[in-house]
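Scroll down for the structure; my scribbles are underneath it.
Counting starts at 1 for both ligands and their atoms, in listed order.
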Amino acid sequence: MLLDNHGRTINYLRLGVTDRCNLRCFYCMPEKGIDWLSRKELMSYAELMRVCSLLVKTGIEKIRITGGEPFVRTDIMQFLTALSKLNGVKELAVTTNGVLTAPHIPELKSLGIRNINLSLDTVDRDRFLAITHRDELPAVLDTLEQLLLHNMDVKLNAVVMEGKNLQDIIPLVALTKDMPISVRFIEEMPFNGDGSHYPVLHWDHIKILQTIKKTYPAIQKVADPAYSTSYNYHIPGHKGNVGIIAAYTRSFCGTCNRIRITPQGTLKTCLYDDGVLNIRDMIREGHDDQYLQHSLLNAINKRAKDGWEAEKNRKEKNPVHESMATIGG
Ligand code: SAM
Ligand code: SF4
């Protein structure tokens with residue numbers, strides 16, 4: 001079992017396979033003028049497999065593929081196939097915006113990948129266009145329908161944004177009536193990629209819950225699974241659940257079991273740090289597995305105690321501003 005310097009189990013890797021995306025969610029990246037990583041800067045699939053294999057030997061049991069949008073990377077299904085065969089991976093999961101996902105669902109299922117997080121901030125086509133700058137709601141809804149038809153384990157993620165999708169909170173909760181999904185509302189974080197930093201969080205987890213309670217006063221708290229980042233609720237008579245993720249408030253750091261590797265090979269031991277080592281560079285410098293493993297363990301042994309400390313320790317003293325697509329969420 002892998003423990004960090006605060007005694008927290010580390011068994012979950014979030015792996016960013018690309019920074020590129022076919023949407024432009026305004027809270028994640030600017031609409032224009034994005035400096036994409038070059039192919040050389042991106043970790044190759046061979047490098048990604050090597051890092052995953054090392055980390056799995058070290059104690060990682062669950063890997064979530066994220067990005068950018070994973071399905072825009074060429075040959076992603078070949079990579080997922082290889083990863084699904086890696087000894088020691090107990091759970092492989094994917095986070096996707098759902099635009100290109102539907103045709104891959106049967107193959108994902110055949111690889112044993114059942115846990116899919118689908119991002120959907122609104123059920124309204126015009127608001128979807130306003131938020132993502134692309135008219136792709138029908139494709140995302142098709143993915144949702146196909147995921148349910150294939151009995152996949154679906155979590156629907158919605159960022160709650162003042163002036164953008166507040167009218168969607170209740171319709172999104174209403175989806176849990178007939179769909180066995182978990183609809184999770186996420187506090188907006190400052191990772192929007194354009195350097196603008198809002199000083200105040202408008203919609204925290206408490207306000208989101210109060211809003212839901214006005215329409216669904218019978219909503220009940222249910223037990224949160226181990227290492228859960230969400231507060232979980234159930235509305236009597238509904239098939240699905242509701243979750244609220246205090247991503248900005250950072251109330252879940254005490255049980256945080258995850259590390260991240262970005263598409264350019266940066267290891268992040270906290271969402272809010274600005275990278276603690278670059279594993280891609282170490283691989284390309286020719287270091288052996290033992291050295292790489294030692295470096296990874298060393299970094300995990302110096303983890304910040306929470307997201308506030310990680311943010312304070314950033315080497316770049318600018319406020320947090322990088323795009324979430326370069327982190328993976
Ligand atoms: N493209 C895929 C998707 O959208 O699902 C995977 C990558 S995306 C960066 C992962 C998650 O991060 C999404 O659920 C997205 O809503 C969330 N996210 C992006 N920027 C965010 C922000 N500024 N605050 C909160 N969540 C954010
Ligand atoms: Fe793309 Fe996901 Fe970022 Fe939206 S949140 S721009 S879908 S990476």
How many angstroms lie between [atom1] in [X] and [atom2] in [Y], if you round to the nearest 0.5 Å?
| X | Y | atom1 | atom2 | answer |
| --- | --- | --- | --- | --- |
| Ile65 | Arg73 | CD1 | CZ | 10.5 Å |
| Cys253 | Asp306 | SG | CG | 5.0 Å |
| Arg184 | Leu118 | CZ | CG | 11.5 Å |

For Gly68, the ligand 1 atoms whose distance to one of its heavy atoms is below 4.0 Å
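Counting from 1, the qualifying ligand atoms are 1 (N), 2 (C), 6 (C), 7 (C).
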
Which of the ligand 1 atoms, numbered from 1, are nearer than 4.0 Å to a heavy atom of Thr96:
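Within the 4.0 Å cut-off of Thr96, ligand 1 contributes 2 (C), 3 (C), 5 (O).
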
Considering [options], which one's heavy-atom position lies nearest to [atom]?
| atom | options | result |
| --- | --- | --- |
| atom 27 (C) of ligand 1 | Arg64, Met324, Arg184 | Met324 |
| atom 8 (S) of ligand 1 | Ala325, Gly67, Ala247, Gly193 | Gly67 |
| atom 12 (O) of ligand 1 | Cys25, Ser323, Gly329, Gly328 | Gly329 |

Once salt bridge (Lys or Arg N to Asp or Glu O under 4.0 Å) is applied, do any residues pair with Asp168, and if so which ones, sequence neighbours excluded?
Arg127

Nearest protein heavy atom with distance in Å, relative to atom 3 (Fe) of ligand 2:
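Sorting protein heavy atoms by distance from atom 3 (Fe) of ligand 2 puts Cys28 SG, 2.4 Å first.
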
Shortest protein heavy-atom distance from atom 6 (S) of ligand 2, along with the residue and atom involved
Cys25 N, 3.3 Å

Answer side chain, backbone, both or neither: which part of Thr95 comes under 4.0 Å from ligand 1, heavy atoms only.
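Both of them.
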
Are Val123 and Trp203 connected into the same hydrophobic cluster when the rule is that any two of I, L, V, M, F, W, Y join if their side-chain heavy atoms are below 4.5 Å apart?
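In one cluster: yes.
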
Quick check on contacts: which atoms of ligand 2 are under 4.0 angstrom from a heavy atom of [X]?
| X | result |
| --- | --- |
| Cys21 | 1 (Fe), 6 (S), 7 (S), 8 (S) |
| Asn97 | 7 (S) |
| Gly68 | 8 (S) |

Determine, using heavy atoms of Met324 and all atoms of ligand 2, whether some pair is separated by less than 4.0 Å.
no

Does Lys164 count as lying over the ring of Phe26, i.e. NZ or CZ under 6.0 Å from the six-ring centre, within 45 degrees of the axis?
yes

